[in-house]
Amino acid sequence: MGSNGTENGEFEFASPNGLAKISTKAAPREVCKDDTTAPVKAQNVEELHALQKKKASAPSTPQNPSTPRSGTPRTYMSEEDRQKQQLQSISASLASLTRESGPQVIKGDPSRKRSPPKSVGPPRLDMSDSALKFTHVLYNLSPAELYEQAIKFEKGSYITSTGALATLSGAKTGRSPKDKRVVKEETSKDDLWWGKGSPNIEMDEETFLVNRERAVDYLNSLEKVFVNDQFLNWDVENRIKVRIISARAYHSLFMHNMCIRPTPEELEDFGTPDFTIYNAGQFPCNRYTHYMTSSTSIDVNLKRKEMVILGTQYAGEMKKGLFSVMHYLMPKRGILSLHSGCNMGKEGDVALFFGLSGTGKTTLSTDENRYLIGDDEHGWSENGVSNIEGGCYAKCIDLSKEKEPEIWNAIKFGTVLENVVFEEHYRDVDYMDKSVTENTRAAYPIEFIPNAKIPCVGPHPKNVILLACDAFGVLPPVSKLTMAQTMYHFISGYTALIAGTVDGIKEPTATFSACFGAAFIMLHPTKYAAMLADKMKRHGATAWLVNTGWSGGSYGVGKRMKLEYTRKIINAIHDGSLLNAQFEETPIFNLAVPTQVKGVPTEVLHPENSWSDKKLYNETLKKLAGLFQKNFEVYADYKVGNDSKLTREILAAGPQLPNTF
Ligand SMILES: Nc1ncnc2c1ncn2[C@@H]1O[C@H](COP(=O)(O)OP(=O)(O)O)[C@@H](O)[C@H]1O
Ligand SMILES: C=C(OP(=O)(O)O)C(=O)O
Ligand SMILES: [Ca+2]
Ligand SMILES: [Mn+2]
């Protein structure tokens with residue numbers, strides 16, 4: 001229809017140049033066939049608004065039609081009974097452990113007037129004020145509803161020009177591993193890794209309850225809480241039901257994106273969760289409480305199947321907290337939990353990408369030529385690999401459309417954008433801006449990546465890629481590893497990042513994080529290493545060490561490896577061409593470096609050739625080797641699996657310094 005609307009003869013502008021006068025004409029009946037003018041089907045405004053919204057259905061992660069649905073077979077229950085059961089379950093989750101049985105919960109937004117259900121019974125003597133008030137439960141809201149909640153009630157929430165929800169995570173813009181506590185209790189204490197190097201800092205059961213009560217009281221004092229009931233693990237037989245109770249729409253949308261979204265039927269039959277998170281992140285822990293060393297505490301209790309978050313609103317804490325839990329539960333079932341990205345080629349060849357934060361798991365597993373299985377957390381079972389999550393969590397700093405188009409395009413309606421800076425009027429995000437933090441992030445459902453493999457499962461891996469971002473710039477961009485070297489580097493979990501972002505050149509700091517995820521593992525690293533060795537051997541996987549860090553010198557002199565080169569290297573691993581390449585062995589680290597990789601300059605392949613100062617190169621190489629050796633000392637007394645030959649070989653597979661050093 002034209003702008004002046006003359007087609008249906010209803011009105012026209014009298015003079016297009018002068019003042020626009022509108023003259024109306026009666027439309028000839030036979031011409032007016034435009035059914036968009038049909039009368040509204042409401043008698044008044046309230047009715048009209050009621051018509052606007054259709055009966056809700058839960059938003060779910062797309063399932064392959066052939067995927068069996070999990071959960072118990074459905075039994076007939078009236079809608080009313082089902083709702084009642086759901087509310088009882090949520091009320092039980094939120095119950096104080098010392099007072100009344102559970103808070104009075106009602107479903108729905110408190111801002112929409114609705115009278116609370118009557119007949120709560122006569123007040124009991126042990127009842128507190130908190131039992132008299134209602135807590136509104138916003139249960140598995142959709143992204144649109146969560147956007148509205150965030151924008152109305154959470155400062156710092158904005159819609160960006162591409163439709164993402166920009167949020168602020170508050171004072172904490174990254175994880176707080178030093179504030180993580182694990183309850184030492186009889187069901188798990190003998191299995192867990194405690195002591196030096198372990199991420200599991202102990203807490204007793206009583207103190208956990210103190211923090212749990214603090215979180216529960218805080219959540220119940222609010223007018224409303226968000227509850228997400230979702231799944232972890234695409235391997236349906238080993239699926240875990242999780243419930244996340246939080247105070248912010250940001251947290252609810254983040255977990256909606258990051259966990260697997262149940263279908264409406266799965267949600268109806270959800271029942272009791274296998275694990276519950278109480279996220280009271282806006283509320284601090286009490287520093288007078290035993291074991292508390294800051295106002296932040298992230299507490300995991302495997303016996304109670306609960307996690308409490310106090311004093312940090314960084315949403316990544318929830319996803320990585322659940323990952324820790326999976327690092328306990330999965331190995332018990334013979335499934336190796338992996339801090340890795342994972343993708344699959346057209347021929348069904350699967351690759352794993354291990355690496356610490358910022359080394360390239362998300363960037364490199366998101367590949368236009370391959371199916372994305374997941375970017376961060378997987379399980380490797382007898383059936384192959386499966387993603388634990390339903391979404392990705394990409395770093396956004398310096399994100400460009402040219403270099404990472406899939407991630408760029410995933411930042412749209414539904415995506416949570418943490419701590420980014422945007423132009424205030426058009427809301428175009430400036431991904432270069434580090435004003436809030438360098439750790440800017442986007443959390444989006446995995447199906448926002450066009451070539452995501454749904455369901456997110458695949459066969460046994462063919463290639464295992466260990467990523468290191470070596471800011472010393474001495475590790476070759478790619479080398480093929482022997483099984484013993486694979487174990488050595490897997491247990492070492494090396495990367496080197498730059499300490500600060502303040503001006504001036506900073507020394508790279510080496511980080512060693514066992515299994516490329518020491519912050520999340522729960523058992524001794526050698527347990528995971530033995531499982532990896534066993535699975536790799538049985539399924540014939542080849543391992544590679546890929547340096548996505550510096551080239552041509554250390555940080556300050558050299559430059560970050562071109563993403564273009566890393567992608568060429570990764571392609572050559574995927575297509576099998578690198579397996580048949582010729583290799584040269586490097587000094588000290590004894591790494592097998594291919595003499596050629598298509599599309600990568602040969603001097604880049606051999607760091608000693610790309611450094612102008614050869615003496616400095618040799619010194620830096622030796623320095624890094626020394627750091628590796630020092631880190632590995634604690635593992636020298638451990639046995640990996642039952643194969644003591646492998647244990648000896650692993651020790652010998654690390655860097656060897658000449659005695660004169
Ligand atoms: N050669 C490279 N390989 C991989 N990533 C690179 C490279 N050069 C720069 N980068 C950047 O490094 C970051 C890697 O982060 P990411 O993939 O999110 O790591 P992880 O998922 O392992 O935490 C991205 O911002 C990416 O753009
Ligand atoms: C969310 C995280 O994952 P990664 O940086 O490995 O993507 C994290 O380590 O906080
Ligand atoms: Ca040698
Ligand atoms: Mn990542």
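Computation of the quantities below employed the complete heavy-atom set of this structure, encompassing side-chain atoms and omitting hydrogens, waters and symmetry-equivalent molecules. The model shown is predicted, which means the values in this text are computed figures rather than measured ones.
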Drop me the distance from [X]'s [atom1] to [Y]'s [atom2], to the nearest 0.5 angstrom.
| X | Y | atom1 | atom2 | result |
| --- | --- | --- | --- | --- |
| N301 | N211 | CG | CG | 11.5 Å |
| N279 | I309 | CG | CD1 | 4.0 Å |
| D217 | R212 | CG | CZ | 10.0 Å |

What's the shortest heavy-atom distance between [X] and [Y], and which atoms?
| X | Y | answer |
| --- | --- | --- |
| H378 | S340 | ND1-O, 2.8 Å |
| Q149 | D109 | NE2-OD2, 2.8 Å |
| N409 | K401 | OD1-CE, 4.3 Å |
| I411 | L399 | CD1-CD2, 3.6 Å |
| A443 | N257 | O-ND2, 3.0 Å |
| S246 | S252 | OG-N, 3.9 Å |

Is the [atom1] atom of [X] crowded by more than 12 outside heavy atoms at less than 6.0 Å?
| X | atom1 | answer |
| --- | --- | --- |
| Y218 | OH | yes |
| K152 | NZ | yes |
| K305 | NZ | no |

If you define the side chain from C-beta out and look only at heavy atoms, does anything of I446 sit under 4.5 Å from E389?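 Not in contact.
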
Can [X] and [Y] be counted as an ion pair, charged N to O under 4.0 angstrom?
| X | Y | result |
| --- | --- | --- |
| K320 | E377 | no |
| R248 | E154 | yes |
| D229 | R243 | yes |
| D274 | R239 | no |
| R567 | D367 | no |
| E423 | R427 | no |

K180 NZ/CZ over F520 ring centroid, <6.0 Å and within 45° of normal: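 Negative - K180 is either too far from the ring of F520 or too far off its axis.
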
Using a 6.0 Å distance limit plus a 45 degree cone around the ring axis, check whether K241 lies over the aromatic ring of F275.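 No - K241 does not lie over the ring of F275 by the 6.0 Å and 45° rule.
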
One pair to check against side-chain hydrogen bond (donor to acceptor under 3.5 Å, both in side chains): E266 and S60. What are the steps and the verdict? CA-CA 9 Å; E266 285 169 333; S60 65; over 6 Å; no

Measure from the ring center of Y393 to the ring center of F254 and say whether it is less than 6.0 Å.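 So the answer is yes for these two rings.
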
Suppose we call two aromatic rings close when their centres sit under 6.0 Å apart. Are F231 and F270 close by that rule?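 Centroid separation for F231 and F270: below 6.0 Å.
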
Donor-acceptor pair, distance only, cut-off 3.5 Å: does the side chain of [X] make one with the backbone of [Y]?
| X | Y | value |
| --- | --- | --- |
| R181 | N200 | no |
| N220 | L94 | yes |
| R441 | G316 | no |
| S513 | F516 | no |
| N547 | D470 | yes |
| K559 | M561 | no |

Is the [X] ring parallel, tilted or perpendicular to the [Y] ring (thresholds 30°, 60°)?
| X | Y | value |
| --- | --- | --- |
| F413 | Y147 | tilted |
| F354 | F490 | perpendicular |
| Y494 | F512 | tilted |

Checking side-chain hydrogen bond (donor to acceptor under 3.5 Å, both in side chains) for the pair N439/T437: CA distance, chi angles, key distance, verdict? CA-CA 5 Å; N439 188 28; T437 176; 5.5 Å; no

Is a donor from one side chain sitting under 3.5 angstrom from an acceptor on the other, for T362 and K395?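 No - no donor-acceptor pair under 3.5 Å links their side chains.
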
Under the side-chain hydrogen bond (donor to acceptor under 3.5 Å, both in side chains) rule, what do T440 and N419 come out as? Steps first, then yes or no, please. CA-CA 5 Å; T440 54; N419 303 318; over 6 Å; no

Can D376 and H339 be said to form a side-chain hydrogen bond (donor to acceptor under 3.5 Å, both in side chains), step by step? CA-CA 6 Å; D376 198 55; H339 184 215; 3.2 Å; yes

